[in-house]
Colleague: 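For reference, the structure I am asking about is given below.
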Amino acid sequence: MKTSDKLPEIIQGGMGIGVSDWRLAKAVSTQHQMGVVSGTAIDSVIARRLQLGDADGRIRRALSDFPLPEMAQRVLDEYFIPGGKPAEKPFKLIPVHGLQIQRSGVELTVVSNFAEVFLAKEGHSGQVGINYLEKIQLPTLPSLFGAMLANVDFVLMGGGIPLAIPGILDGLSRWDTVELKLHVEENSRHQNYSHLFDPKAFFPKELPKLNRPKFLAIISSDIVAKNMIRRASGSVDGFVVENYTAGGHNAPPRRSDHSSSRYGEKDIPDIEKIREMGLPFWLAGGYASPKKLKEALDSGANGIQVGTAFAYCRESALLPEIKQEVLRRCMKGDLKVVTDFQASPTGYPFKVIWLDHTITNTDNYNKRKRCCDLGYLRHIYCKENSEIGYRCPGEPIQSYVKKGGDQEKTVGKQCLCNGLLATIGLGQVRKEAGSDETASELPIVTSGENFSFAMPMIERAGMNYSAKDVIAYILGEKL
Ligand SMILES: Cc1cc2nc3c(=O)[nH]c(=O)nc-3n(C[C@H](O)[C@H](O)[C@H](O)COP(=O)(O)O)c2cc1C
């Protein structure tokens, strides 16, 4: 086994949208641990970075390495603005993903996933993974293909049970046409709706070699792990076992009493049972310390996956002012991380930090005019005439209800697509109600619950600590 093929002790968790970008993943991978870029909505991220002028030229450099130059050029022609767009001008939207695949949207998705992985892997031999959410199905096939064209080493997927993905990775590596069955609500006639993707359609001549990345399923219980091993369409190479303190989306509580939204004993994964399955696994959710790493290794895990400690390091794409405010509040003991059972249009619990200048603040939430112009979290549903429709519980309530959606489901919903893009400085610019002034969408900040890393990190390396500092701290390296 080459050094670069060795399984890492630390996986830097994928953090969407764009929080774990290529800079963070590369900083981790060059330290011989695994850096993971977020593939969620990466097409919007790349399209917006290009509209801001791609100041350091990195995206254009990545695109110059894309194996189909005309396709990369079409993306540049569509989105690149030399010098960047004026601050008050809105970003041009990209095509919303749907059941019918639009060629320009597919091309942008392939190229964007390629570019992010390419940049994370450039100039070193460390391993790089990409993270996706099972719940977001419509961009999945072109995303996997783009990441594989850049030779991604690992695909990690959570936010659902990704049974189909291992087989799709096998198929793409053979250049086969692959199929992803789509989840369609109110599909009482059980019709089959799926996406087909033929990778050869893009490469009429010579086909480059595509390696099959390893696949890690992000799970929160031994039952799901067992299901993945038994029922997945191809081989599963390991698990990230994430508990309910982790950042981002969490699995819903497996409570016996359905009247309460709380986690309890039943939600603690049975590590012994997972160890007995014999596949490599990493533990996640509050493991960012030398003591917790040792505990994980002693339990038979290959290591840990860490999110929050990396989210606030200097290489992460979170806005610097958000990082500083969160760390400052944490040091003052004034930080509130909550599991919001309503916020996410996916229906899954979602961790948020309550901060004044975010959409989580009630006044800001009430002031925001609902809109759904990115559409990653739209649910597909079957209309009475068997046609397909799309709706998101975060869209304007009237239109959601008109589409047959249950009004109850709109309560407390946040627009995670727009909010999370704002959190990395790519928020849409909109006219304020009743004036010609423009303002950016407000951020929404997700985070893990456990900040016990913060004090020792800041004491060692200050508020502007690096990914390398996080790794050195967890590995127990002396200063
Ligand atoms: C800002 C942030 C965004 C996250 N986004 C995702 C995501 O898009 N997909 C995912 O699988 N996990 C996501 N996570 C979870 C992390 O990958 C990781 O598993 C988790 O944060 C580990 O727990 P810790 O934060 O206590 O270290 C996110 C975590 C954070 C802090």
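Read the numbers this way: they start at 1 and go in the same order the structure lists the ligands and their atoms.
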Colleague: Give the residue, atom name and distance (to 0.1 Å) of the protein heavy atom nearest atom 9 (N) of ligand 1.
Modeller: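 Minimum-distance protein heavy atom for atom 9 (N) of ligand 1 reads Asn131 OD1, 3.0 Å.
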
Colleague: Looking only at heavy atoms of Gly285, does any of them come nearer than 4.0 Å to an atom of ligand 1?
Modeller: yes

Colleague: Got a salt bridge between Glu116 and Arg49, using NZ or NE/NH1/NH2 to carboxylate O under 4.0 Å?
Modeller: yes

Colleague: To which protein heavy atom is atom 25 (O) of ligand 1 closest, and what is the distance rounded to 0.1 Å?
Modeller: Thr308 OG1, 2.4 Å

Colleague: For atom 20 (C) of ligand 1, what is the nearest protein heavy atom, given as residue, atom name and distance?
Modeller: Ala246 CB, 3.7 Å

Colleague: Pick out which of Asp21, Leu319, Val19 makes a side-chain contact (heavy atoms from CB on, under 4.5 Å) with Ile424.
Modeller: Val19

Colleague: So is Thr446 in contact with ligand 1, going by heavy-atom distances below 4.0 Å?
Modeller: yes

Colleague: Just heavy atoms, cut-off under 4.0 Å: does Ile17 contact ligand 1 by side chain, backbone, both, or neither?
Modeller: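 No part of Ile17 is near ligand 1 at this cut-off.
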
Colleague: Assess whether a salt bridge exists between Glu185 and Arg391, defined as any Lys/Arg side-chain N lying under 4.0 Å from an Asp/Glu carboxylate O.
Modeller: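 Yes.
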
Colleague: Could Lys409 and Tyr400 be counted as a cation-pi pair, given that NZ or CZ must be under 6.0 Å from the ring centre and within 45° of the axis?
Modeller: no

Colleague: Checking Ser447 against Tyr312: is there a side-chain donor and acceptor pair closer than 3.5 Å?
Modeller: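 Judged by distance alone, the side chains do pair up.
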
Colleague: Under 4.0 Å, heavy atoms only, figure out whether ligand 1 is touched by the backbone of Glu242, its side chain, both or neither.
Modeller: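 The answer is the side chain of Glu242.
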
Colleague: So which heavy atom in the protein is nearest atom 5 (N) of ligand 1, and how far is it from that ligand atom?
Modeller: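 Checking every protein heavy atom, the shortest distance to atom 5 (N) of ligand 1 gives Gly16 N, 3.1 Å.
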
Colleague: Between Ser44 and Tyr376, does any side-chain donor sit less than 3.5 Å from a side-chain acceptor?
Modeller: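 Yes, a side-chain donor-acceptor pair sits under 3.5 Å.
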
Colleague: What residue and atom, counting heavy atoms only, is the protein's closest point to atom 18 (C) of ligand 1, and at what distance?
Modeller: Gln305 NE2, 3.5 Å

Colleague: For atom 14 (N) of ligand 1, tell me which residue out of Gly307, Gly13, Gly14, Gly158 has the closest non-hydrogen atom.
Modeller: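 The residue whose heavy atom sits nearest atom 14 (N) of ligand 1 is Gly14.
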
Colleague: What do you reckon, does Gly286 put a non-hydrogen atom under 4.0 Å from ligand 1?
Modeller: yes

Colleague: Does the side chain of Ser29 come within less than 4.5 Å of Pro8's, by heavy atoms?
Modeller: no

Colleague: For ligand 1, which atoms, with element, lie under 4.0 Å from some heavy atom of Ile218?
Modeller: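 Listed by number with element: 11 (O).
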
Colleague: Can you tell which of Lys292, Met15, Gln12 gets a heavy atom nearest to atom 30 (C) of ligand 1?
Modeller: Met15

Colleague: So which protein heavy atom does atom 15 (C) of ligand 1 come closest to, and at what separation?
Modeller: Gly247 O, 3.3 Å

Colleague: So, are Glu449 and Lys351 salt-bridged, with charged N and O less than 4.0 Å apart?
Modeller: yes

Colleague: Looking at side-chain heavy atoms only, is the closest gap between Leu283 and Glu242 below 4.5 Å?
Modeller: no

